[in-house]
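Data block below; observations after.
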2 protein chains.
Amino acid sequence: MGPIAHGHDHGGAECWAERATETLATAGYRRGGARAALISLLDDQRCALSAAEIEDTLRDGDGGRPVARASIYRILEELEALKLITRVEVGQGLARFEAARTEGHHHHMVCDACGQVIPFEDPDLERAIQQLARRVEFTVAEHDVVLHGACAACAAS
Amino acid sequence: MGPIAHGHDHGGAECWAERATETLATAGYRRGGARAALISLLDDQRCALSAAEIEDTLRDGDGGRPVARASIYRILEELEALKLITRVEVGQGLARFEAARTEGHHHHMVCDACGQVIPFEDPDLERAIQQLARRVEFTVAEHDVVLHGACAACAAS
DNA sequence: GTAGGTGCAAAGCTTTTGCAGCGGG
DNA sequence: CCCGCTGCAAAAGCTTTGCACCTAC
């Protein structure tokens, strides 16, 4: 595949993929095709993907480079340990993963009818959680808010 | 922690186990030993239990009556469908369940070091979620907030 | 050349499903 | 009596681990 196959417009902010690659290098990791493909894919996404979706997209997608399931999980594990991605538990034993960008922190609404995952942001909610984190005797590292219910389409039917 | 007597004080509120039993009867379910034992156990708990914990406690605990794993999951599924219990996803493909009491709605802090689950309440957080639910084009039925991090003991070490 | 990355296959884990038997109404 | 609740065991996910080969450095 081409050296810079996927064109990103790096307006002014450094893209996440770059930061991830640097962080990995600093942490002593070498470069590898599978990891590069996975990082590139995650960088293109607007919302969380499941491991299965990642595998399918890498196999069938354009920048397509088949990556073994084991490698996917191993790489996701590394990225999560370095806090480069966030794990989102959406229920039914399914986990989803997404790039941990500095901007655009968000949470998810999961339609229990069709399984669709919709991201949303809410400053008030974030504020409430931060104030809460200060009050409790517990060191909060991450927080996860999942709203279950029905999306517009499923609620109508 | 505040010693909120977990004894069944039917002061003014009906206990959860009673309501659960009634709801099940109304829904056309018959009574059964396994289900009764499970409801009794859940009624005694202050916080969410995993399926494995439920199985172990029912086998070894005092009101002990061994219940097959399959029955546990089936019963939990029924109770969840009737909204008598709430499923809490804490990560690593593990689910926890707890009685859905009308009072004492709360969320959870999960220690990623020792796995401990600590409940907490926060009116501000609830308010933020309710206002959010009004704004979005999504019918919110449930919401789940999970704080990951380190408990006081694990943070110290 | 060496240490680490990757793929394949097999195991591990929680959870679900099928079927025979017990028990409530 | 009949229907549904239970238990046992086997299967079905998703995820992890072992081992051999390949690649970056």
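All values derive from a computational prediction rather than experimental measurement. All chains are named by letter (A, B, ...) in the order of the sequence lines, taking the proteins before the strands, and each is independently numbered beginning at 1.
- Of the side-chain N and O atoms in Arg69(B), none sit less than 4.0 angstrom from OP1 or OP2 of dG7(D).
- Comparing dG7(C), dT15(C), dC14(D) by their nearest atom to the side chain of Val67(A) picks out dG7(C).
- Residue Ala51(A) is in sugar-phosphate contact alone, with no base atom involved, counting any heavy-atom pair closer than 4.0 Å across all strands shown.
- Here the side chain of Arg65(A) is nearest to one of dT17(D), dT6(C), dT14(C), namely dT6(C).
- For Glu55(A) and dG7(C), the CD to P distance is 10 Å, given to the nearest whole Å.
- Ring pair His143(A)/His105(A) is perpendicular by interplanar angle, where above 60° counts as perpendicular and below 30° as parallel.
- In this structure, Ile72(B) atom CD1 and dC5(D) atom C1' are separated by 14 Å, rounded to whole Å.
- Atom-to-atom, CG of Leu24(A) to P of dC25(D) comes out at 12 Å; the value is rounded to the nearest Å.
- Taking atom CZ of Arg96(A) as the reference point, atom C1' of dT15(D) lies 16 Å away to the nearest angstrom.
- Residue order along DNA chain D, read from the 5' end via each residue's closest nucleotide, puts Arg30(B) first among Arg30(B) and Ser71(B).
- Distances from the side chain of Ala68(A) to the nucleotides dC14(D), dC8(D), dC8(C) place dC8(C) closest.
- Side-chain proximity of Tyr73(B) to the nucleotides dT17(C), dT16(C), dG7(C) is greatest for dT16(C).
- Counting to the nearest Å, the C1' atom of dG7(D) and the CZ atom of Arg35(B) are 15 Å from each other.
- At a threshold of 4.0 angstrom between heavy atoms, the contacts of Gly33(B) are confined to the sugar-phosphate backbone, with no base atom among them.
- Ranking dT14(C), dT17(D), dG7(D) by closeness to the Arg74(B) side chain, first place goes to dG7(D).
- Note on Ala95(A): only backbone sugar-phosphate atoms sit closer than 4.0 angstrom, heavy atoms only; bases stay farther off.
- For the pair Arg96(A) and His108(A), the minimum side-chain heavy-atom distance is 4.5 Å or more.
- Whole-Å rounding puts the Arg31(A) CZ to dC22(D) C1' distance at 16 Å.
- Heavy atoms of Ala34(B) sit under 4.0 angstrom from primed sugar atoms or phosphate atoms, though from no base atom.
- Checking His106(B), Glu98(B), Arg46(B) one by one against Pro119(B), the side chain to side chain contact (heavy atoms under 4.5 Å, CB included) holds for a single residue, His106(B).
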